[in-house]
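For reference, the structure is listed below as structure tokens.
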Amino acid sequence: CPYPPSLLHIEELCDSIVRSHRDTSQFRLEELQALRWKLFSREEIHAYQSKSVDEMWQHCAVRLTEAVQYVVEFAKRIPGFRGLGQNDQITLLKTGSMEVVLVRMSRCFNTENSTVFFDGKFGSTELFKSLGCGDLMVAVFDFAHSMCALRLTEQQMALFCSLVLINPDRPCLEDRGRVHRMRRDLEVCLSHMLHRDNQESLQHKLYQKVSVLQSLCSLHVEKLHWFSQRYPLTVHSVFPPLYKELFT
Ligand SMILES: CNC(=O)[C@@H]1CCCN1C(=O)c1ccc(Cl)c(COc2cccc3c(C(F)(F)F)cc(C)nc23)c1Cl
């Protein structure tokens, strides 16, 4: 294999991943901190709970599609990603973007009252009752809680998201070797950063999270499939095109 990456290359790679994350994170931590006690009123919660299933799904799909677009922008700035074939870029995003949305969701989660940032305020799972998938929401909130427990810095979060995306084990990759080499450099970055932060113990916890993410996201795709079977018109007429391309 080619000469292992030099330390300079690794530090430059770290810096570019962290910069890309900061520039594409959709919500800045300071903004979220300032809003963390802005909760929905009983009336507002009731209004969300009174929405029909497909109305609430549409509402969330728009939000999730926005989030996915930020993840696409993040991916494009990962050194080497644009050097991959178009098909491999779509394959990595098709399977990895929802996982990164989930990881990023933990940045917008308040563990003190188990609320998440949604539509400009913080709400709990009760807000999403009309979606008709309480188990998915519980899983999303539990995952956010478990990510918050790791207390990742933004730099560690940035590298973790890049590792979630650059996954050589995704099905139907054309140039698996190239993704593997990118992945290896990113793994060296993460261990270099954790060593610098004196937090090597985080390494295996983060790799465990990757497998939890994958099972959680298969639950999501299952839910999305269930929804599109029941409300085919909504998915095919309203869901933003990118969402359809990536998740149906
Ligand atoms: C901080 N906010 C956020 O992170 C998200 C992304 C950016 C905007 N946003 C929200 O507004 C948001 C925040 C929290 C929750 Cl719980 C939700 C609702 O989440 C979902 C509702 C329906 C389906 C969802 C599916 C399914 F099944 F389609 F794959 C999968 C995921 C992961 N979330 C779903 C949303 Cl849409």
Side-chain angles (χ1 to χ4, degrees), residues 17-18 21-49 56 59-60 63-64 66-68 70-71 74 96-165 190 193-194 197-220 223:
I17 300 280
V18 170
H21 171 74
R22 192 188 53 229
D23 297 347
T24 63
S25 56
Q26 188 174 18
F27 308 110
R28 288 198 7 267
L29 281 185
E30 304 75 45
E31 292 165 342
L32 292 163
Q33 283 296 341
L35 290 167
R36 74 195 271 112
W37 297 104
K38 204 170 170 210
L39 305 176
F40 287 107
S41 66
R42 294 306 320 160
E43 294 73 28
E44 286 168 319
I45 293 168
H46 183 68
Y48 281 114
Q49 294 176 338
M56 192 60 179
H59 193 76
C60 295
R63 296 273 169 276
L64 290 164
E66 279 165 17
V68 164
Y70 280 91
V71 173
F74 170 66
S97 57
M98 188 57 89
E99 291 173 7
V100 174
V101 165
L102 265 169
V103 171
R104 287 179 160 201
M105 209 179 265
S106 64
R107 295 169 74 250
C108 318
F109 193 76
N110 181 350
T111 52
E112 289 166 65
N113 55 10
S114 292
T115 58
V116 71
F117 187 62
F118 174 79
D119 265 0
K121 291 185 181 176
F122 278 78
S124 65
T125 49
E126 64 177 341
L127 214 63
F128 302 96
K129 207 184 284 186
S130 58
L131 283 173
C133 45
D135 51 346
L136 169 69
M137 287 302 106
V138 167
V140 166
F141 275 63
D142 285 353
F143 182 76
H145 249 292
S146 73
M147 280 305 297
C148 289
L150 297 181
R151 305 175 65 75
L152 298 185
T153 64
E154 281 292 88
Q155 290 83 355
Q156 291 163 352
M157 169 76 69
L159 270 182
F160 181 59
C161 289
S162 67
L163 281 168
V164 165
L165 271 176
L190 180 67
M193 179 179 280
L194 292 180
D197 300 343
N198 202 4
Q199 282 187 290
E200 280 91 343
S201 62
L202 258 182
Q203 179 114 353
H204 79 279
K205 287 178 190 150
L206 285 174
Y207 287 121
Q208 276 173 335
K209 284 283 172 271
V210 174
S211 53
V212 170
L213 258 181
Q214 279 159 3
S215 53
L216 192 50
C217 275
S218 49
L219 170 67
H220 290 160
K223 284 290 171 203

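Residues: numbered from 1 along the sequence shown.
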To the nearest 0.5 Å, what is the distance between CD1 (Ile17) and CZ (Arg22)?
13.0 Å
Start with the C-alpha distance between Lys223 and Cys133, add both sets of side-chain angles, then the distance that settles side-chain contact (heavy atoms from CB on, under 4.5 Å), and finish with yes or no.
CA-CA 8 Å; Lys223 284 290 171 203; Cys133 45; 3.5 Å; yes
Heavy-atom side-chain proximity of Gln156 to Gln199 below 4.5 angstrom
yes
Nearest heavy-atom pair of Leu216 and Ala139: which atoms, and what distance?
CD1-CB, 3.3 Å
Any heavy-atom pair between the side chains of Leu163 and Tyr207 that's under 4.5 Å?
yes
Please report the shortest heavy-atom distance between Gly96 and Val164, naming the atom on each side.
O-CG1, 4.2 Å
Quick check: do Ser25 and Tyr70 have side-chain heavy atoms less than 4.5 Å from each other?
no
What are the two closest non-hydrogen atoms of Lys121 and Leu39, and how far apart are they?
CD-O, 3.7 Å
May I ask you to test the Val71-Met98 pair for a side-chain heavy-atom distance under 4.5 Å?
no
Measuring from atom NE2 of His145 to atom OG1 of Thr111, what distance do you get when rounded to the nearest 0.5 angstrom?
6.0 Å
Quick one, Leu131 with Leu136, criterion side-chain contact (heavy atoms from CB on, under 4.5 Å). Give me CA distance, side-chain angles, the key distance, then yes/no.
CA-CA 10 Å; Leu131 283 173; Leu136 169 69; 5.9 Å; no
Distance, nearest 0.5 Å, that separates CD of Glu154 from SG of Cys161
9.0 Å
Spatial distance of atom CZ (Arg36) from atom CZ (Phe117) [nearest 0.5 Å]:
12.5 Å
So with a 6.0 Å cut-off around NE2 of His46, is the heavy-atom count from everything else above 12?
no
Side chains of Val100 and Arg104: closer than 4.5 Å at any heavy-atom pair?
yes
Could you give the distance from CZ (Phe74) to OG (Ser97), rounded to the nearest 0.5 Å?
12.5 Å
Just by distance, do the side chain of Ser114 and the backbone of Ser124 share a donor-acceptor pair under 3.5 Å?
no
Distance only, no hydrogens: is a donor on one side chain within 3.5 Å (strictly under) of an acceptor on the other, for Gln214 and Ser211?
no
Between Lys129 and Glu126, does any NZ, NE, NH1 or NH2 come within less than 4.0 Å of an OD or OE carboxylate oxygen?
no
Under the ring pair (Phe, Tyr, Trp, His ring centres under 6.0 Å) rule, what do Phe118 and His59 come out as? Steps first, then yes or no, please.
CA-CA 11 Å; Phe118 174 79; His59 193 76; 5.6 Å; yes
Heavy-atom side-chain proximity of Leu202 to Asp197 below 4.5 angstrom
no
Quick check: closest heavy atoms across Ala67 and Val101, and the distance to 0.1 Å?
CB-CG2, 3.9 Å
Please report whether the ring centroid of Phe109 lies less than 6.0 Å from that of Phe141.
yes
Does the side-chain contact (heavy atoms from CB on, under 4.5 Å) test come out yes or no for Met105 and Cys108, once each step is laid out?
CA-CA 5 Å; Met105 209 179 265; Cys108 318; 5.5 Å; no
Is there side-chain contact between Val212 and Ser146, with heavy atoms separated by less than 4.5 Å?
no
Any side-chain heavy atom of Phe160 within less than 4.5 Å of one from Val103?
yes
Arg107 side chain vs Phe27 backbone, donor-acceptor pair below 3.5 Å
yes
Within the 6.0 Å centroid threshold, strictly below: Tyr48 and Phe40
yes
Criterion side-chain contact (heavy atoms from CB on, under 4.5 Å) on Val210 and Glu99, from CA distance to verdict
CA-CA 9 Å; Val210 174; Glu99 291 173 7; 5.7 Å; no
Only counting residues at least two apart or in another chain, list the ones meeting ring pair (Phe, Tyr, Trp, His ring centres under 6.0 Å) with His220.
none
Can a donor-acceptor pair be found, under 3.5 Å and without considering hydrogens, that links the side chain of Asn110 to the backbone of Glu112?
yes
Shortest non-hydrogen pair, Ala158 vs His21, comes out as CB-CB, 3.3 Å
When rounded to the nearest 0.5 Å, the distance separating CG of Leu159 from CG of Leu152 is 10.5 Å
Using a 3.5 Å distance criterion without hydrogens, assess whether the side chain of Gln203 forms a donor-acceptor pair with backbone atoms of Glu200.
no
On a heavy-atom basis, which atom in Ser106 and which in Cys148 lie closest, and how many Å separate them?
O-SG, 3.4 Å
